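One structure, pasted below without further comment.
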2 protein chains.
Amino acid sequence: MSSYEKVLVALRRVIRATDLHSKRLSKHAGLTGPQLLIMRTIRDLGEVTIGTIADHVSLSQATVTTILDRLEHRGLVYRVRSTRDKRKVHAHLTEQGEELLAQAPNPLQEDFVQKFQSLDEWEQTMILASLQRVANMMNADDIDASPVLTVGSMLKDDGWKEKA
Amino acid sequence: MSSYEKVLVALRRVIRATDLHSKRLSKHAGLTGPQLLIMRTIRDLGEVTIGTIADHVSLSQATVTTILDRLEHRGLVYRVRSTRDKRKVHAHLTEQGEELLAQAPNPLQEDFVQKFQSLDEWEQTMILASLQRVANMMNADDIDASPVLTVGSMLKDDGWKEKA
DNA sequence: ATCTAATGTTTAGAGTTGTAAGTATTTCTG
DNA sequence: CAGAAATACTTACAACTCTAAACATTAGAT
């Protein structure tokens with residue numbers, strides 16, 4: 001079994017764990033991971049457009065729309081069409097939404113967060129860098145003028161190309 | 001922005017990249033990532049049950065069933081109920097399925113594989129270990145008697161608890 | 001031998017996700 | 001200003017994913 005095949009398996013396990021946690025969240029807190037993430041974005045950024053939300057949470061605009069549909073239907077969020085530019089739509093939390101969000105748990109497993117934070121700093125850095133590196137390598141074909149990823153630059157914070 | 005929040009973002013990016021690639025695969029090769037993965041498992045393991053497939057690809061049994069439904073409908077796979085134990089169902093590739101699979105590309109971005117393999121060995125090891133570590137930390141609450149994860153044991157191959 | 005528990009798969013229902021096409025609005029160009 | 005191009009969002013559709021419940025079969029217990 002080649003090394004990258006192991007990466008594939010590890011990836012599937014990570015993705016699955018994330019999904020399972022999302023389902024668990026939805027049962028206990030009434031919000032799934034993506035819903036939670038989107039609401040947090042709205043809270044933190046204030047008067048956001050749908051597109052901005054999509055960028056922030058790494059989802060397509062269409063996906064955010066459908067999730068907002070559900071949230072709006074439940075009275076946790078409302079939309080206002082911008083008067084300045086009527087193409088734009090701004091999302092806001094309702095009072096009920098803010099309350100629910102305030103009580104809601106982390107979008108990541110508490111358990112995971114706790115474990116992660118108890119790691120040595122260098123280890124946290126390494127894990128984060130690895131994940132970002134993987135994300136960059138995977139996204140490379142989406143980004144036309146992708147930066148040259150220097151081998152061995154791992155521990156530098158290379159972040160990733162913010163969409164222009 | 002705390003360190004684990006960056007992890008969350010990186011994770012979303014990785015998951016999204018995986019998803020996008022799957023959609024792309026489905027367009028070019030006619031098979032999505034999970035379909036491809038399942039078919040490879042059938043090819044490599046021979047006479048497998050649905051449950052075994054599910055374990056191997058880190059998906060629930062129900063998910064594998066629905067994916068097999070689609071594959072069977074397209075004549076790429078067929079099911080045979082075991083005569084020994086009539087609860088069991090074995091999945092096989094049809095000739096057409098084998099052909100398609102032979103031509104199909106990697107379930108992971110070629111580009112990614114290439115980049116990954118061009119990394120220094122220590123870096124590959126580090127990335128793989130990081131991913132496995134994240135997967136382990138996330139899965140911990142699913143596994144009752146989870147092993148104690150020693151801080152700093154990163155580079156040892158701790159794999160993960162194989163289901164008993 | 002029968003009832004119960006365990007095992008293996010499928011079905012039902014809900015949520016997330018993407019692409020492509022459709023609609024509305026704004027901006028640019030002649 | 002009229003038409004074309006760009007921008008922002010929504011709708012339609014297909015796939016994936018899970019849990020819970022239903023179903024069938026086998027294994028174990030009395």
Side-chain angles (χ1 to χ4, degrees), chain A residues 12-38 48-55 57-74 79-91 107 142 163-164, chain B residues 12-38 48-55 57-74 79-91 107 142 163-164:
Chain A
R12 273 239 35 85
R13 289 214 306 132
V14 169
I15 291 173
R16 174 146 211 243
T18 303
D19 200 25
L20 290 180
H21 179 62
S22 175
K23 299 273 153 91
R24 233 174 299 148
L25 271 181
S26 134
K27 221 181 145 179
H28 296 324
L31 290 172
T32 65
Q35 289 172 348
L36 200 44
L37 233 40
I38 286 176
V48 268
T49 63
I50 314 302
T52 308
I53 297 174
D55 282 353
V57 298
S58 280
L59 291 172
S60 77
Q61 213 170 38
T63 301
V64 174
T65 290
T66 54
I67 294 177
L68 282 180
D69 286 346
R70 262 185 283 274
L71 292 176
E72 193 168 28
H73 184 71
R74 286 173 57 188
R79 289 187 249 212
V80 180
R81 188 161 287 273
S82 167
T83 44
R84 290 229 221 106
D85 184 340
K86 278 193 255 169
R87 290 170 305 182
K88 292 183 180 171
V89 173
H90 296 293
D142 291 335
K163 204 173 293 173
Chain B
R12 274 240 35 87
R13 290 214 305 132
V14 169
I15 291 173
R16 175 146 210 242
T18 304
D19 202 21
L20 290 179
H21 180 62
S22 176
K23 298 275 154 86
R24 232 173 302 149
L25 272 181
S26 133
K27 219 180 144 180
H28 297 322
L31 290 172
T32 65
Q35 289 172 349
L36 200 45
L37 232 42
I38 286 176
V48 267
T49 63
I50 314 302
T52 307
I53 297 174
D55 282 351
V57 296
S58 279
L59 291 172
S60 77
Q61 213 171 36
T63 301
V64 174
T65 290
T66 55
I67 293 176
L68 283 180
D69 286 345
R70 264 185 284 272
L71 292 175
E72 193 167 29
H73 185 72
R74 286 173 56 188
R79 290 187 248 213
V80 180
R81 189 161 286 274
S82 166
T83 44
R84 289 232 219 102
D85 182 339
K86 276 192 252 165
R87 292 169 304 181
K88 292 183 181 173
V89 173
H90 296 294
D142 291 335
K163 203 175 293 176

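Per chain, numbering begins at 1; letters A, B, ... match sequence-line order. Every value quoted in this text rests on a predicted model; they were computed, and no experiment measured them.
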Could you grab the distance from atom CG of A/Leu31 to atom CG of A/Leu71, nearest 0.5 Å is fine?
->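 Spacing of CG (A/Leu31) from CG (A/Leu71) equals 7.0 Å.
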From D/dA20, C/dT19, C/dT16, pick the nucleotide closest to the side chain of A/Lys27?
->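 The answer is D/dA20, which lies nearest to the side chain.
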Rounded distance in Å - CG (B/Leu25) to P (D/dC16) |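 It is 11 Å, rounded to the nearest whole Å.
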Given D/dT17, D/dT19, C/dT25, the nucleotide with the shortest approach to the side chain of B/Ala62 |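 It is D/dT19.
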Out of C/dT17, D/dT10, C/dT19, which nucleotide sits closest to the side chain of B/Leu20?
->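 The answer is C/dT19.
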Rounded to the nearest Å, what distance is computed from the CD atom of residue B/Gln35 to the C1' atom of nucleotide D/dA14?
->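 Going from CD in B/Gln35 over to C1' in D/dA14 covers 11 Å.
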Grab the CZ-P distance between B/Arg81 and C/dT9 for me, whole Å please.
->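 To the nearest whole Å, that distance equals 8 Å.
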Sugar-phosphate, base or nothing in reach of B/Lys23, heavy atoms under 4.0 Å |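 Here B/Lys23 touches the bases of the nucleic acid.
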Give the nucleotide from the list C/dT11, D/dT10, C/dT16 with an atom nearest to the side chain of B/Asp69.
->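 Of the candidates, C/dT11 comes closest.
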Minimum-distance nucleotide (side-chain atoms of B/Thr65 versus C/dG8, D/dC9, C/dT10) |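 Selected nucleotide (nearest to the side chain): C/dT10.
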Measure from the side-chain heavy atoms of B/Asp19 and tell me the nearest of D/dT26, C/dG18, D/dT17.
->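 When the side chain of B/Asp19 is considered, C/dG18 is the closest of D/dT26, C/dG18, D/dT17.
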Taking only residues two or more places apart in sequence or in another chain, which ones pass side chain to side chain contact (heavy atoms under 4.5 Å, CB included) with A/Thr65?
->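 Testing A/Thr65 for side chain to side chain contact (heavy atoms under 4.5 Å, CB included), a comparison that skips the adjacent residues, returns A/Ile50, A/Asp69, A/Arg79.
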Find which nucleotide of DNA chain C each of A/Thr83 and A/Thr66 is nearest to by heavy atoms, and output the residue with the more 5' nucleotide.
->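 Result: A/Thr66.
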In Å, rounded to the nearest 0.5 Å, how long is the span from CG of B/Leu68 to CD of B/Gln61?
->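 Separation between the atoms: 10.5 Å.
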Do the non-hydrogen side-chain atoms of B/Gln35 and B/Ser22 ever get within less than 4.5 Å of each other?
->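 No - every pair of side-chain heavy atoms lies 4.5 Å or more apart.
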Would you mind reading off the distance between A/Leu68 atom CG and C/dG15 atom C1', rounded to a whole angstrom?
->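 Distance check: A/Leu68 CG to C/dG15 C1' gives 14 Å.
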Euclidean distance, atom CD of residue A/Gln61 to atom P of D/dA12 [Å, nearest integer] =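 Roughly 17 Å, once rounded to whole Å.
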Rounded to the nearest Å, what distance is computed from the CD atom of residue B/Glu72 to the P atom of nucleotide C/dT10?
->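 Taking atom P of C/dT10 as the reference, CD of B/Glu72 is at 9 Å.
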Least distance between heavy atoms, B/Arg16 atom then A/Ser58 atom =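 Distance-wise, the nearest heavy atoms are CD-O, 2.8 Å.
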Specify the closest pair of heavy atoms between B/Thr32 and B/Ser26, including all atoms of both residues, with the distance to one decimal.
->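 Distance-wise, the nearest heavy atoms are CG2-CB, 3.5 Å.
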Map A/Arg12 and A/Ile50 onto DNA chain D by nearest heavy atom, then report which one ends up closer to the 5' terminus.
->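 Counting from the 5' end, the first nearest nucleotide belongs to A/Ile50.
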To the nearest angstrom, how far is B/Arg16 atom CZ from D/dC16 atom C1'?
->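 After rounding, the gap between these two atoms is 16 Å.
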When all nucleic acid strands are considered with a 4.0 Å heavy-atom cut-off, which category describes B/Arg79: base, sugar-phosphate, or nothing?
->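 Contact class for B/Arg79: sugar-phosphate only.
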Which nucleotide in the list C/dT9, D/dC16, D/dA8 gets nearest to the side chain of B/Thr63?
->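 The listed nucleotide nearest to B/Thr63's side chain is D/dC16.
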Where do N or O atoms of nucleotides 5-7 of chain C meet protein N or O atoms at under 3.5 Å, pair by pair?
{"from": "C/dT7", "atom 1": "O4'", "to": "B/Arg87", "atom 2": "NH1", "distance (Å)": "3.3"}
{"from": "C/dT7", "atom 1": "O2", "to": "B/Arg87", "atom 2": "NH1", "distance (Å)": "3.2"}

First of A/Arg70 and A/Arg84 reached from the 5' end of DNA chain C, by closest nucleotide =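 This one resolves to A/Arg70.
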Who pairs with B/Thr52 by side-chain hydrogen bond (donor to acceptor under 3.5 Å, both in side chains), at least two apart in sequence or on another chain?
->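 B/Thr52 satisfies side-chain hydrogen bond (donor to acceptor under 3.5 Å, both in side chains) with B/Thr49 once adjacent residues are dropped.
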For residues B/Thr18 and A/Arg12, determine if any side-chain heavy atom of one lies less than 4.5 Å from a side-chain heavy atom of the other.
->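 The answer is no, as the side chains (C-beta and beyond) never meet within the 4.5 Å cut-off.
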Indicate, with a heavy-atom threshold strictly under 4.0 Å, whether A/Thr32 touches base, sugar-phosphate, or nothing.
->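 Sugar-phosphate contact only - A/Thr32 comes under 4.0 Å of backbone atoms but never of a base.
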To the nearest angstrom, how far is B/Leu36 atom CG from D/dC16 atom C1'?
->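 Whole-Å distance recorded here is 15 Å.
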Please figure out whether B/Ser26 or B/Ser82 has its closest DNA chain D nucleotide nearer the 5' end.
->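 By nearest-heavy-atom nucleotide position, the 5'-most residue is B/Ser26.
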